[in-house]
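Here is the structure we will look at, set down as structure tokens.
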Amino acid sequence: EAGVAQSPRYKIIEKRQSVAFWCNPISGHATLYWYQQILGQGPKLLIQFQNNGVVDDSQLPKDRFSAERLKGVDSTLKIQPAKLEDSAVYLCASSLAMGFEQYFGPGTRLTVT
Amino acid sequence: AQTVTQSQPEMSVQEAETVTLSCTYDTSESDYYLFWYKQPPSRQMILVIRQEAYKQQNATENRFSVNFQKAAKSFSLKISDSQLGDAAMYFCAYRMDSSYKLIFGSGTRLLVRP
């Protein structure tokens, strides 16, 4: 069984630029999560999808971050414009349904200069 | 608000020895789940062990076991017969039964000396 795929693995951008991350969950997984992991901290949930609907986006900075999961499969997370404090690893995870075990992807390391 | 605290930024263990990683949490809920995740340098989080709060028996997975003290809100991870491959960041996490959001601690880096 293929795991959660994410791309790119690394991204370096200048502040005020935009960036997008892509996530492909495990086949058949209805729930998808995006986490932000700042260096030295544990992951923090940004947004959770159930199929193509948003379940929780309470910690998503909506003035600059957006995410979508149009067909209930792949998802993209966008930052526009980026700030220095957005430098972090962005982890995508998926689960069969809400409350089931979450499987994580390898993450995208973003550096904003 | 629920919080998870890992007070040991780094721990070191000799190969084949036993090490215990500490975790405390704060919640007013009675039904919840606790987890330990391993994050190697590849960054991929891997579930190590899970504990349901309603279960009194401590969870065990091969060399990994927990000491769950509900009244003290403590959830420590014991790794027996440590192996070089156990070297990684370990995160304690909490989830309410009524929510699906994982709340993570700040992590403990485990070093394994050959």
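So you know, we letter chains A, B, ... as the sequences are listed, proteins then strands, and number each from 1.
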Full working for side-chain contact (heavy atoms from CB on, under 4.5 Å) between A:Q59 and B:K101 | CA-CA 11 Å; A:Q59 297 193 89; B:K101 179 188 299 186; 3.7 Å; yes
Evaluation steps, side-chain contact (heavy atoms from CB on, under 4.5 Å), between A:L91 and B:Q39 = CA-CA 12 Å; A:L91 295 166; B:Q39 187 177 41; 4.2 Å; yes
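Contacts between A:Y35 and chain B at a heavy-atom distance below 4.5 Å involve the side chain alone, from C-beta outward. Using a 4.5 Å cut-off between heavy atoms, B:Q6 makes no contact with chain A at all. Residue A:T108 touches chain B through its backbone alone, counting heavy-atom pairs closer than 4.5 Å.
Between the B:R43 side chain and the A:R9 main chain, a donor and an acceptor come within less than 3.5 Å of each other. The backbone N or O of A:G99 lies less than 3.5 Å from a partner atom in the side chain of B:R95, making a donor-acceptor pair.
Each of B:P9, B:G107, B:S42, B:C92 has some count of heavy-atom pairs under 4.5 Å with chain A, and the biggest count is that of B:S42. Of the residues considered (A:G40, A:P43, A:A93), A:P43 shows the highest number of contacts with chain B, using heavy-atom pairs under 4.5 Å. Ranked by non-hydrogen atom pairs under 4.5 Å with chain B, the options A:P106, A:G107, A:G105 are led by A:P106. Taking A:M98, A:Q41, A:Q48 one by one and counting their heavy-atom pairs under 4.5 Å with chain B, the maximum is reached by A:M98.
Atom CG of A:L96 has more than 12 neighbouring heavy atoms from other residues, nucleotides or ligands inside a 6.0 Å radius. Remark: A:K11 NZ is loosely packed, at most 12 non-hydrogen atoms of other residues, nucleotides or ligands lying under 6.0 Å away. Taking a 6.0 Å sphere around NZ of A:K71, one finds it holds 12 or fewer heavy atoms contributed by other residues, nucleotides or ligands. A 6.0 Å sphere centred on CG of A:L39 holds no more than 12 heavy atoms belonging to other residues, nucleotides or ligands. Counting heavy atoms of neighbouring residues, nucleotides and ligands inside a 6.0 Å radius, atom NZ of B:K73 exceeds 12 of them. B:R113 CZ: more than 12 foreign heavy atoms inside a 6.0 Å radius. Other residues, nucleotides and ligands contribute over 12 non-hydrogen atoms within 6.0 Å of the CD atom of A:E85. Shown here is B:Q57, whose CD atom has no more than 12 heavy atoms of other residues, nucleotides or ligands within 6.0 Å.
Atom CZ in A:F104 sits 5.0 Å away from atom OH in B:Y37 (nearest 0.5 Å). Here OH of A:Y103 is found 12.0 Å from CD of B:Q44. Values are rounded to the nearest 0.5 Å. With values rounded to the nearest 0.5 angstrom, B:F35 atom CZ is found 8.5 Å from A:E101 atom CD. Rounding to the nearest 0.5 Å places CD of A:Q102 at 9.5 Å from CG of B:L47.
Taken together through direct or relayed side-chain contacts under 4.5 Å among Ile, Leu, Val, Met, Phe, Trp and Tyr, A:I13 and A:W34 form part of one hydrophobic cluster. Taken together through direct or relayed side-chain contacts under 4.5 Å among Ile, Leu, Val, Met, Phe, Trp and Tyr, B:W36 and B:V19 form part of one hydrophobic cluster.
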